[in-house]
Amino acid sequence: RSSDLIAEVGIQKAGHDVILKDTSSKALGRGMDQISKNFAKRVKKRQLTSFERDKLMARLYPQIDYNGFHTVDMVIEAVFEDLEIKHKVVKEIEQHIPDTCVFASNTSALPISKIAEASRRPEKVVGMHYFSPVDKMPLLEIITTDKTSNETAAAAVSVGLKQGKTVIVVRDGPGFYTTRILSPLMAEIVRLLQEGLDPKELDRLSKQFGFPVGFATLADEVGIDVAAHVAEDLSKAFGNRVAGSDVGLLKELVASGFTGRKAGRGIFVYSGKKGGNREINSAAGEILKRYAIAPKKPFDSMQIWGVDLNERV
């Protein structure tokens, strides 16, 4: 999960002491297990010594309460992409943090100004949009509102740089910068799957063109649930400019529990196999068939990326 990996880069790259707060011991245990496994892999590859790993883990404080929050300098919230949930978290956290503390929301599309409406200190609210997987993707998008203070923005930039991120700062708006660009592409990914293009072939073609991650895999990495929320939100703002696929398909995948890599099943099945060896989720394939549409033209590898892609986007 993003929250766990944000904590990981915080202790490993930024050298910060980090409180990892979750809602239950079970969820917290899963997060700690993920971080521990990631560090174990680095020890195995001799990127870390066992002593260095232990020192890093000692910087991490897992808990299900707000003990110690009265001393923190920044809270990075990474709950589900739902405005009501975000508002609830803002109000709850502000009961436990000092007035000087920065509240950063990790969101890919929800307007930061809307999130800040629940805060009694909107000048301390900023967006910090991390990209999955957080420990590997270098980009960090920082989003400021009209009320975000310069000091708050500077603090977010400083933390991002210490985490080893490539930081961009943008103004608040529908989809910010990256999601606004990515959303037409995500719509076309789903459209191509609806038109019958095999997910593995879509991955092969997109990687052949030069993208580091195959497009079908990208949908699973982003999260089908997140893609569904973003598609709905941006369609309200931009209408046909981000149209192309059926958001009903995404919703049905989510309702079936196929939310992507984090759930173990999305377009693909994640069972420990790597790369092109992972299997297509046959149950998701059946859902795709129910939303099948006729392709505009026969698939051709270079045409998809040349004239065809330009026409679509």
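Positions are given from 1, in the same order as the sequence printed here.
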Discussion item. Side chains of Glu221 and Met137, heavy atoms from C-beta outward: is any pair under 4.5 Å?
Written reply: no
Fill in: Separation between OG of Ser36 and CG of Asp4, rounded to the nearest 0.5 Å
12.0 Å
Item to complete: Please list, chain by chain and in numerical order, all residues satisfying salt bridge (charged side-chain N to carboxylate O under 4.0 Å, His left out) with Arg53, sequence neighbours excluded.
Response: none
Discussion item. Count I, L, V, M, F, W, Y as connected when their side-chain heavy atoms are under 4.5 Å apart, and connections chain through other members. Are Tyr61 and Ile93 then in the same cluster?
Written reply: yes
Practice prompt. Decide whether Ile85 and Ile115 are clustered together by the hydrophobic rule: side chain heavy atoms of Ile, Leu, Val, Met, Phe, Trp, Tyr closer than 4.5 Å, transitively.
Written response: yes
Practice prompt. Could you state whether Leu140 and Val157 fall into the same hydrophobic cluster, counting links through intermediate Ile, Leu, Val, Met, Phe, Trp or Tyr residues with side-chain heavy atoms under 4.5 angstrom apart?
Written response: yes
Fill in: Residues His129, Tyr177; criterion side-chain contact (heavy atoms from CB on, under 4.5 Å); working and verdict
CA-CA 10 Å; His129 178 200; Tyr177 174 75; over 6 Å; no
Fill in: Reported CD1-to-CD1 distance for the pair Ile280 and Ile267, which is rounded to 0.5 angstrom
9.5 Å
Worksheet entry | Side-chain heavy-atom pair Glu201, Leu205 within 4.5 angstrom cut-off | yes
Discussion item. Any heavy-atom pair between the side chains of Ile287 and Phe258 that's under 4.5 Å?
Written reply: yes
Item to complete: Check whether any side-chain N or O of Ser183 sits under 3.5 Å from a backbone N or O of Thr179 as a donor-acceptor pair, and report yes or no.
Response: yes
Worksheet item: Would you say Ile224 and Leu202 are hydrophobically clustered, going by side-chain heavy atoms of ILVMFWY under 4.5 Å?
Response: yes
Worksheet item: So, do Asn106 and Met128 sit near enough that their side-chain heavy atoms are less than 4.5 Å apart?
Response: no
Donor-acceptor list for residues 95-102 side chains, cut-off 3.5 Å, not counting sequence neighbours:
from, atom 1, to, atom 2, distance (Å)
Asp99, OD1, Arg120, NH1, 3.2

Worksheet entry | NZ/Lys262: more than 12 non-hydrogen atoms of other groups inside 6.0 Å | yes
Worksheet item: Closest approach of Ser105 and Lys86, non-hydrogen atoms and distance?
Response: OG-NZ, 3.3 Å
Fill in: Donor-acceptor side-chain pairing of Ser245 and Gln194 below 3.5 angstrom
no
Discussion item. How close do Glu94 and Arg121 get, counting heavy atoms only, and between which atoms?
Written reply: OE2-NE, 3.3 Å
Practice prompt. State, with a plain yes or no, whether a side-chain heavy atom of Thr107 is found less than 4.5 Å away from one of Phe176.
Written response: yes
Discussion item. Within the 4.5 Å heavy-atom criterion, are Met32 and Leu60 side-chain neighbours or not?
Written reply: yes
Item to complete: Would you indicate whether Arg290, at its atom CZ, is surrounded by more than 12 heavy atoms from other residues, nucleotides or ligands within a distance under 6.0 Å?
Response: yes
Worksheet item: Given side chains that start at C-beta, do those of Glu52 and Phe39 come closer than 4.5 Å, heavy atoms only?
Response: no
Worksheet item: Atom OG in Ser282, atom CZ in Arg265: separation rounded to 0.5 Å?
Response: 9.0 Å
Worksheet item: Between the main-chain N or O of Leu197 and the side-chain N or O of Glu195, is there a donor-acceptor pair closer than 3.5 Å?
Response: no
Item to complete: Please answer whether the main-chain N or O of Lys165 pairs with a side-chain N or O of Gln163 as donor and acceptor at a distance below 3.5 Å.
Response: no
Discussion item. Going by side chain to side chain contact (heavy atoms under 4.5 Å, CB included), Asp135 matches just one of Leu5, Ile6, Ile35. Which one?
Written reply: Leu5
Fill in: Nearest atoms (heavy-atom pairs only) where Gly15 meets Arg59
O-NH1, 2.9 Å
Practice prompt. State whether the side chain of Ser206 and the backbone N or O of Phe215 hold a donor-acceptor pair below 3.5 Å, judged by distance alone.
Written response: yes
Worksheet entry | Distance-only side-chain donor-acceptor flag, Thr152 / Glu123, under 3.5 Å | no
Using a 3.5 Å cut-off and no angle test, enumerate the donor-acceptor pairs between side-chain atoms of residues 18-29 and protein atoms at least two apart in sequence or in another chain.
from, atom 1, to, atom 2, distance (Å)
Asp22, OD2, Arg1, NH1, 2.9
Asp22, OD2, Arg1, NH2, 2.7
Ser24, OG, Ala27, N, 3.1

Residues 228-238 side chain polar contacts: donor-acceptor under 3.5 Å, at least two apart:
from, atom 1, to, atom 2, distance (Å)
Glu232, OE2, Lys251, NZ, 2.6
Ser235, OG, Ala231, O, 3.2
Ser235, OG, Glu232, O, 2.7

Practice prompt. Determine the interplanar angle of the Phe209 and Phe211 rings, folded into 0 to 90°, and report it as parallel if under 30°, tilted if 30 to 60°, perpendicular if over 60°.
Written response: parallel
Worksheet entry | Ile143 side, atom CD1; Ile168 side, atom CD1 - distance, nearest 0.5 Å | 8.5 Å
Worksheet item: In terms of hydrophobic clustering (I, L, V, M, F, W, Y; side-chain heavy atoms under 4.5 Å; direct or indirect links), are Val213 and Tyr270 co-clustered?
Response: yes
Practice prompt. Apply the test side-chain contact (heavy atoms from CB on, under 4.5 Å) to residues Thr178 and Ile181: give CA-CA distance (whole Å), side-chain angles for both, the deciding distance (0.1 Å), then the verdict.
Written response: CA-CA 5 Å; Thr178 53; Ile181 289 174; 5.9 Å; no
Worksheet, complete the sentence: Closest non-hydrogen atoms of Phe268 and Asp220, given as atom of the first, atom of the second and distance, are N-OD2, 3.0 Å
Worksheet item: Does the side chain of Phe103 come within less than 4.5 Å of Val126's, by heavy atoms?
Response: no
Worksheet item: Under 3.5 Å, side chain of His87 to main-chain N/O of Glu117, donor-acceptor pair present?
Response: no
Response to the item:
In this structure, NZ of Lys13 is separated from CG of Leu56 (nearest 0.5 Å) by 12.0 Å
Fill in: Straight-line distance of Asp172 CG to Thr144 OG1, nearest 0.5 Å
7.5 Å
Worksheet item: Do the charged groups of Arg191 and Glu188 touch, with an N to O distance under 4.0 Å?
Response: no
Response to the item:
Per side chain to side chain donor-acceptor pair (under 3.5 Å), Arg171 is matched among Thr145, Asp146, Thr148 by Asp146
Worksheet entry | Partners passing salt bridge (charged side-chain N to carboxylate O under 4.0 Å, His left out) against Glu8 (at least two apart in sequence or in another chain) | Arg42
Worksheet item: Ala263 and Gly257: which non-hydrogen atoms are nearest, and at how many Å?
Response: CB-O, 3.7 Å
Response to the item:
salt bridge (charged side-chain N to carboxylate O under 4.0 Å, His left out) filter on Glu286, not counting sequence neighbours, yields Lys289
Response to the item:
Correct closest heavy-atom pair for Pro174 and Arg180 would be O-CD, 3.8 Å
